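Just so you know, these numbers come straight off a predicted model, no measurement behind them.
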Amino acid sequence: MAAKTAGDAPAFTPEQLQSVRETLKSPRRLKTEVLAGLVVALALIPEAIAFSIIAGVDPRIGLFASFTMAVTIAFVGGRPAMISAATGAIALVIAPLVKSHGLDYFVAAVILAGIFQVILGLSGVAKLMRFIPRSVMVGFVNALAILIFLAQVPELINVPWPVYPLAALGLVIVFGLPRLTKAVPAPLVAIVVLTLITVLASVAVPTVGDKGDLPESLPSLFIPNVPFTLETLQVIFPFALAMAFVGLLESLMTAKLVDDVTDTRSHKSREAWGQGVANIVTGFTGGMGGCAMIGQTMINVKASGARTRISTFLAGVFLLILVVALGSVVSVIPMAALVAVMIFVSWATFDWHSIHPRTLKMMPKSETIVMAATVIVVVATHNLAIGVGVGILVAVVLFARRVAHFVTVERTVQTVDGRETATYVVNGELFFASSNDLYTQFDYAMDPDRVIIDLHASHLWDASTIAALDAIIEKYRRHGTDVTITGLNDASTAMRDRLGGKLDAGH
């Protein structure tokens, strides 16, 4: 058990902070989780409505999806305190299907996407996260911070002038209150204070209610009315697959970010199949599906200090209570309050250290290029999957280019067993990028009739390298030169025995 501190407040280890049992024993920690869940629920409402509009469905579809996603993932997810709900990334992927085939096909695609995610999660797709470079991760985080900020800009254009002082007051509260006290989440205080000001002073500004009608009933079982045929599968399959991959990518990268923020580890494979279960549940309640939300997660973890599944569960529960039972109250919350909260989240999410002049000076240029490429593509396309994919591709190309230059070839000529012999010692990793240059490193016309290629300081990684060696041997053969390859390690020998002479290297 954790040691006690003054005031009967337990000192928790990072792992204990994730424990629901430990939190339920501590009124202080429980209060933090409850208030965090409430703040997240309030921030989710306008976002869910906005994403529903992007997807082309009724706002209730997005709101119900946010409820079912949050509540379900609280039980089955692998990353405590992470918030999953309806998201813009999913809305963008699925919107064309809604427009072309309607709601039933849309929901069927959500359910199929969930099935895909369960299969991918159980097959260990989360392990691929280790292949995402840190520079791509930093670019992902910075791009999301920029997108969160840009999403608030429309709320500050062509609006009544009181919006600006209200938003400014909200920013003062969310940035300044934590310096005075952390007893109550600053975002919640900002929402309450600005709502009271606008209501009591009868200030006419855009409110949550202006975004769309809030539901008046609970979600119910929904079975999509689509024919169970191959034609239906052909229609929904590409959308479901895209939704599955985009959702998993955003969720797993957000989980990794929360791991870093909280200094704890999460179960990525469980999170992957848990996202699938949550989408299946959401689909069968008529929701639009979703994935992890970095903005709301940062509100929960960084701004409010939550650490357990309690806050995630309560975010969903509070969301449903607020929109169904207290819709009239929620509808008067000024958008200026939520804009202030989201701008704070954007600021807190951005990795400012990554763009500090001192950091940029000491960081390898390739790392900075990868980060910048990821940011630019994500912001330009508003598609996380494309941006991360481009970032990884740029990282691979730059890494291959850098490693390729590490290969050196040293030539010596001496008499061995009475024959003049040219010996080439190759040092470095041989793969497609470096082996293509290897072919040009030999003096085919001037070498004596005996050549030794010493590869004891190298390793053969792919078929391109085997083909390059075959081409070198073939060119020497045309000059009447006897070539011997020595020094291969066991793995390289096995690959050459399997592929050597079978890749048509002479053409």
Side-chain angles (χ1 to χ4, degrees), residues 14-20 23 29 32-44 47-48 51 65-90 114 117-118 121 125-126 129 132 137 140-141 144-145 148 185 187 246-279 281-282 289-319 342 345 348-349 384 388:
E15 289 72 22
Q16 287 174 320
L17 285 174
Q18 293 190 119
S19 169
V20 172
T23 300
R29 289 297 311 162
T32 298
E33 298 292 317
V34 172
L35 293 178
L38 179 58
V39 174
V40 171
L42 290 169
L44 276 174
E47 296 256 319
F51 297 148
S66 296
F67 160 67
T68 52
M69 285 292 297
V71 169
T72 305
I73 208 69
F75 291 97
V76 300
R79 173 63 259 178
M82 191 166 76
I83 304 297
S84 291
T87 63
I90 299 301
Q117 288 178 328
V118 171
V125 70
M129 282 295 296
I132 298 180
M137 185 66 191
F140 164 82
V141 170
L144 280 175
I148 291 171
V246 170
L248 283 182
L249 181 62
E250 185 164 354
S251 298
L252 293 175
M253 294 192 74
T254 302
K256 187 176 185 301
L257 175 63
V258 179
D259 290 351
D260 294 339
V261 171
T262 61
D263 293 323
T264 55
R265 297 178 63 186
S266 58
H267 197 311
K268 303 298 190 303
S269 292
R270 177 177 173 181
E271 183 60 40
W273 64 255
Q275 288 288 330
V277 171
N279 273 304
V281 172
T282 298
C291 61
M293 301 185 75
I294 190 168
Q296 277 66 23
T297 298
M298 288 298 101
I299 291 176
N300 196 45
V301 173
K302 208 163 187 177
S304 302
R307 291 293 183 270
T308 77
R309 300 173 186 274
I310 296 174
S311 58
T312 305
F313 173 77
L314 290 179
V317 172
F318 283 145
L319 171 65
M342 296 311 295
V345 170
T349 301
L384 300 173
V388 171

Colleague: Check N300 against G37 and note the closest heavy-atom contact, atom names and distance.
Modeller: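 It is OD1-N, 4.3 Å.
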
Colleague: Output the distance between atom CD1 (I294) and atom CD1 (I299), rounded to the nearest 0.5 Å.
Modeller: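 It is 11.5 Å, given to the nearest 0.5 Å.
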
Colleague: Are V34 and F318 close enough that some pair of their side-chain heavy atoms sits under 4.5 Å apart?
Modeller: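 Heavy-atom side-chain distance check passes, below 4.5 Å.
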
Colleague: Could you tell me the separation between the CE atom of M293 and the CZ atom of F51, rounded to the nearest 0.5 Å?
Modeller: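 It is 4.5 Å, given to the nearest 0.5 Å.
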
Colleague: Rounded to the nearest 0.5 Å, how far does CD of Q275 lie from CG of N279?
Modeller: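 Between N279 CG and Q275 CD, I get 6.5 Å after rounding to 0.5 Å.
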
Colleague: Which atom pair, heavy atoms only, marks the closest approach of V40 to A315?
Modeller: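 The answer is CG1-CB, 3.8 Å.
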
Colleague: Dump the intermediate steps for side-chain contact (heavy atoms from CB on, under 4.5 Å) on C291 and I90, then the final yes or no.
Modeller: CA-CA 8 Å; C291 61; I90 299 301; 4.1 Å; yes

Colleague: Using every non-hydrogen atom in the two residues, find where S266 and K268 come nearest and quote the distance to one decimal.
Modeller: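 For S266 versus K268, the nearest heavy atoms are OG-NZ, 3.0 Å.
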
Colleague: Can you confirm whether the side chains of E33 and T23 place a donor and an acceptor under 3.5 Å from each other?
Modeller: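 No donor-acceptor contact under 3.5 Å links the two side chains.
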
Colleague: With no hydrogens and no angle check, do the side chains of E271 and S251 hold a donor and an acceptor under 3.5 Å apart?
Modeller: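 Side chains of E271 and S251: no pair found under 3.5 Å.
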
Colleague: Under the criterion side chain to side chain donor-acceptor pair (under 3.5 Å), which of T254, T264, T312 is the partner of R79?
Modeller: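 Of the listed options, the one satisfying the test is T264.
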
Colleague: Kindly give the heavy-atom pair with the smallest separation between F75 and R270, and that separation in Å.
Modeller: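 For F75 and R270, the tightest heavy-atom pair comes out as O-NH2, 2.8 Å.
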
Colleague: So how far is it from T308 OG1 to F313 CZ, rounded to the nearest 0.5 Å?
Modeller: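 Here the rounded value is 11.5 Å.
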
Colleague: To check you understand the geometry: which heavy-atom pair defines the closest contact between G121 and A272, and what is its length?
Modeller: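 Closest heavy-atom pair between G121 and A272: CA-CB, 3.6 Å.
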
Colleague: Would you please test V71 and V317 for side-chain contact (heavy atoms from CB on, under 4.5 Å) and show each step?
Modeller: CA-CA 7 Å; V71 169; V317 172; 4.3 Å; yes

Colleague: Has R307 got a side-chain atom pairing as donor or acceptor with R29's backbone, closer than 3.5 angstrom?
Modeller: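 Here the side-chain-to-backbone pair does not exist.
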
Colleague: Please answer whether the main-chain N or O of A306 pairs with a side-chain N or O of S304 as donor and acceptor at a distance below 3.5 Å.
Modeller: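 Not a single qualifying donor-acceptor pair exists.
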
Colleague: How far does CG of L42 sit from CG of L319, to the nearest 0.5 angstrom?
Modeller: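 If I round to the nearest 0.5 Å, the distance is 9.0 Å.
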
Colleague: Once rounded to the nearest 0.5 Å, what's the spacing between atom OG1 of T282 and atom CE of M69?
Modeller: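 Output value for this atom pair is 5.0 Å.
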
Colleague: State which residue, out of T87, V301, I83, fulfils the side chain to side chain contact (heavy atoms under 4.5 Å, CB included) condition with Q296.
Modeller: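 Only match with Q296 under side chain to side chain contact (heavy atoms under 4.5 Å, CB included): I83.
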
Colleague: Write down the atom of S66, the atom of A86, and the distance for their closest heavy-atom approach.
Modeller: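 The pair with the smallest heavy-atom distance is OG-N, 3.3 Å.
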
Colleague: Please assess I73 against M82 for the test side-chain contact (heavy atoms from CB on, under 4.5 Å), listing each intermediate value before the final yes or no.
Modeller: CA-CA 9 Å; I73 208 69; M82 191 166 76; over 6 Å; no

Colleague: W273 and V76: side-chain contact (heavy atoms from CB on, under 4.5 Å), yes or no, with the steps?
Modeller: CA-CA 8 Å; W273 64 255; V76 300; 4.1 Å; yes

